[in-house]
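Sharing a structure with you now.
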Amino acid sequence: MIGRSKLGHLGLLTSGGDSPGMNAAIRAVVRGAHVHGLKVTGFLGGFDGLVNGHHRSLGPRDVSNIIQRGGTMLRSARSSAFMTAEGRAMAAVVLQDLGVEALVVVGGNGTFAGAEVFQKEHGVPAVGLPATIDNDLKGTDRSIGYDTAINTAVEAMDRIRDTASSHDRLFFVEVMGRDSGAIALDCAVAAGAEYVLVPEREEHIDQLIQAIKGADGAKSSSIVVVAEGETEGGAFQVARLVKEHLPHKDIRVTVIGHVQRGGSPTVQDRVLASRLGIAAVDALLRGDSNCMMGMINGQVTATRFSDAIIGHRAVDHDLFRVLRILAT
Ligand code: F6P
């Protein structure tokens with residue numbers, strides 16, 4: 001652990017799938033560090049930047065005019081080199097040569113797993129910021145980027161509803177979420193969808209058919225929200241199965257895809273990223289590390305990396321009931 005007086009130089013990187021608000025987090029870390037007289041070096045392209053020594057120094061003016069921008073000015077990647085012991089050893093040498101004493105890593109499960117093993121092997125303290133549109137991390141009510149992603153997806157669904165009702169069509173709308181149905185479930189409720197399919201719940205296609213049949217005649221259009229990781233194999237596959245049972249239905253499929261990952265972050269994501277970015281610097285200054293800073297019930301909270309990444313954050317199961325009632 002590094003004591004407050006010893007810390008003088010931080011490394012910062014964004015890793016994994018990008019999410020709106022990563023730039024706001026970068027800005028907060030850089031300026032939060034600056035007020036304590038700390039130098040910040042940003043590594044480019046996630047952990048690859050550490051392994052290959054691609055970096056730039058970041059001062060408070062280098063992060064001007066980015067809070068409103070999606071993506072990440074440091075770029076991001078899922079580094080295969082850093083998954084090897086050799087790659088991590090190269091990264092440790094890069095940090096030593098630069099005099100970087102601690103890291104702030106912004107990302108999701110894979111990012112924190114990498115930082116944890118790096119701290120264990122090479123003693124480099126790291127604090128994480130939860131940034132993933134999936135909202136699948138334990139230790140925070142919301143991850144940075146989630147709010148923007150669900151608002152983007154719901155806006156798309158509202159547009160789909162317009163055309164769906166004009167043509168009396170059944171739409172299957174696929175949203176992201178490889179292992180988590182959080183996006184799908186919140187969007188289904190917010191867009192007034194008729195049904196939702198998520199990875200957390202094994203579905204019987206018969207139940208879905210019954211729900212669609214129940215709505216048939218009474219409704220001019222229906223939207224079924226499908227998380228990409230749901231158990232049947234995605235929106236196209238589900239649509240194909242439903243068409244076999246309901247050949248008379250006029251069915252269309254829309255995959256929203258990476259549209260959800262881009263765009264200007266919402267106020268909620270900007271504020272969350274700003275608070276947590278400063279909290280990460282404060283944590284390192286206190287000598288805390290090997291943990292992710294999150295927000296639980298409005299309070300900044302540190303959760304050990306190992307606890308944040310074990311399994312996936314559970315979806316709110318009451319929302320299935322809410323959706324069922326509202327879809328009648
Ligand atoms: O983890 C975020 C996420 O957007 C997932 O929802 C999705 O499955 C995945 O990343 C897509 O990754 P890529 O951008 O590499 O296609």
May I ask you to test the Asn135-Arg313 pair for a side-chain heavy-atom distance under 4.5 Å?
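Side chain of Asn135 against side chain of Arg313, heavy atoms only: contact under 4.5 Å found.
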Identify the heavy atoms of Ala77 and Ser15 that sit nearest to each other, and give their distance.
O-OG, 3.7 Å
Ser221 meets the side-chain hydrogen bond (donor to acceptor under 3.5 Å, both in side chains) criterion, sequence neighbours left out, with Arg161
For the residue pair Ile310 and Lys138, establish whether any side-chain heavy-atom pair is separated by less than 4.5 Å.
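Answer yes - side chains close enough.
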Mind checking side chain to side chain contact (heavy atoms under 4.5 Å, CB included) for Gln96 and listing every partner two or more places apart, or none if nothing turns up?
none
Quick one, Leu197 and Gln207 - any side-chain contact, counting heavy atoms below 4.5 Å?
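No, too far: nothing below the 4.5 Å cut-off.
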Compare all side-chain heavy atoms of Phe43 with those of Thr14 and state whether any distance is below 4.5 angstrom.
no
Provide the full list of side-chain hydrogen bond (donor to acceptor under 3.5 Å, both in side chains) pairs with a residue in residues 18-28, sequence neighbours left out, each pair given once.
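The answer is Asp18-Arg261.
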Answer with yes or no whether the hydrophobic clustering places Leu208 together with Ile251; edges join I, L, V, M, F, W, Y residues whose side-chain heavy atoms lie under 4.5 Å apart.
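Yes: a chain of side-chain contacts under 4.5 Å links Leu208 to Ile251.
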Could you state the interatomic distance from CG (Asn151) to CD (Gln268), rounded to the nearest 0.5 Å?
8.5 Å
Answer whether the closest heavy-atom distance between the side chains of Val106 and Ile26 falls below 4.5 Å.
no
With sequence neighbours left out, what residues match Arg324 under side-chain hydrogen bond (donor to acceptor under 3.5 Å, both in side chains)?
none
Could you work out, with side-chain hydrogen bond (donor to acceptor under 3.5 Å, both in side chains) as the rule, every residue matching Gln237, not counting sequence neighbours?
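Gln237: side-chain hydrogen bond (donor to acceptor under 3.5 Å, both in side chains) contacts with Arg240.
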Where Gly177 and Ala227 come nearest, the two heavy atoms and their spacing
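In this case the closest contact between Gly177 and Ala227 is O-CB, 4.2 Å.
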Salt bridge (charged side-chain N to carboxylate O under 4.0 Å, His left out) with Arg159: which residues, sequence neighbours excluded?
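Listed in chain order: Glu155.
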Qualifying residues under side-chain hydrogen bond (donor to acceptor under 3.5 Å, both in side chains), relative to Asp316, sequence neighbours excluded
none
For atom CD of Glu202, is the number of surrounding heavy atoms from other residues, nucleotides or ligands below 6.0 Å larger than 12?
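Not buried by this count: 12 neighbours or fewer within 6.0 Å.
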Among Ile, Leu, Val, Met, Phe, Trp and Tyr joined by side-chain contacts under 4.5 Å, find the other residues sharing a cluster with Val267 and list them by chain and number.
Val271
According to side-chain hydrogen bond (donor to acceptor under 3.5 Å, both in side chains), does anything in residues 37-57 pair up with another residue at least two apart or in another chain? List the pairs.
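Pairs touching residues 37-57 that pass the test: His9-Thr41, Asp48-Ser79.
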The criterion is side chain to side chain contact (heavy atoms under 4.5 Å, CB included); which residues satisfy it with His122, sequence neighbours excluded?
Arg88, Ala89, Ala92, Phe118, Val124
For the residue pair Ser180 and Asp136, what are the closest heavy atoms and their distance?
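In terms of heavy atoms, the two residues are closest at CB-CB, 3.8 Å.
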Least distance between heavy atoms, Val253 atom then Ala235 atom:
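Closest approach of Val253 to Ala235: CG1-CB, 3.7 Å.
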Taking all heavy atoms of Val105 and all of Ala115, pick out the closest pair and write down the distance.
CG2-CB, 3.9 Å
Would Val127 end up clustered with Leu7 when hydrophobic side chains under 4.5 Å apart are linked, directly or stepwise?
yes
Is there side-chain contact between Arg69 and Pro265, with at least one heavy-atom pair below 4.5 Å?
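The answer is no, as the side chains (C-beta and beyond) never meet within the 4.5 Å cut-off.
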Phe82 CZ to Phe47 CZ distance, which is reported to the nearest 0.5 Å:
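Reported value, rounded in 0.5 Å steps: 4.5 Å.
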Can a donor-acceptor pair be found between the side chains of Glu174 and Thr254 at a distance below 3.5 Å?
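Side-chain D/A pair, Glu174 to Thr254: absent.
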Quick one: closest heavy-atom pair of Gly42 and Leu74, and the distance?
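Between these two residues, the closest heavy atoms are CA-CD2, 4.0 Å.
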Would a 4.5 Å heavy-atom cut-off, applied to side chains only, mark Arg270 and Thr266 as touching?
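Arg270 vs Thr266: side chains apart.
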Side chains of Leu272 and Met295, heavy atoms from C-beta outward: is any pair under 4.5 Å?
yes
Connected via hydrophobic side-chain network under 4.5 Å: Phe236 and Val238:
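Yes: a chain of side-chain contacts under 4.5 Å links Phe236 to Val238.
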Which ILVMFWY residues are connected to Leu319, directly or by a chain of links, through side-chain heavy atoms under 4.5 Å apart?
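The other cluster members (ILVMFWY side chains, heavy atoms under 4.5 Å, direct or chained) are Ile133, Tyr146, Ile150, Met157, Ile160, Phe171, Val173, Val175, Met176, Ile183, Leu185, Val189, Val196, Val198, Ile223, Val225, Ile256, Val259, Val315, Phe320, Val322, Leu323, Leu326.
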Point-to-point distance, once rounded to the nearest 0.5 Å, from CD1 of Ile66 to CE of Met22:
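Interatomic distance, Ile66 CD1 to Met22 CE, rounded to 0.5 Å: 12.5 Å.
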Report the residues that fulfil side chain to side chain contact (heavy atoms under 4.5 Å, CB included) with Ser306, sequence neighbours left out, ordered by chain and then residue number.
Glu116, Arg304
Are Val29 and Val300 in one and the same hydrophobic cluster, where Ile, Leu, Val, Met, Phe, Trp and Tyr link if side-chain heavy atoms are under 4.5 Å apart?
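Looking at the clustering, Val300 is in the same group as Val29.
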Hydrophobic cluster membership, Val100 vs Leu10, 4.5 Å side-chain cutoff:
no
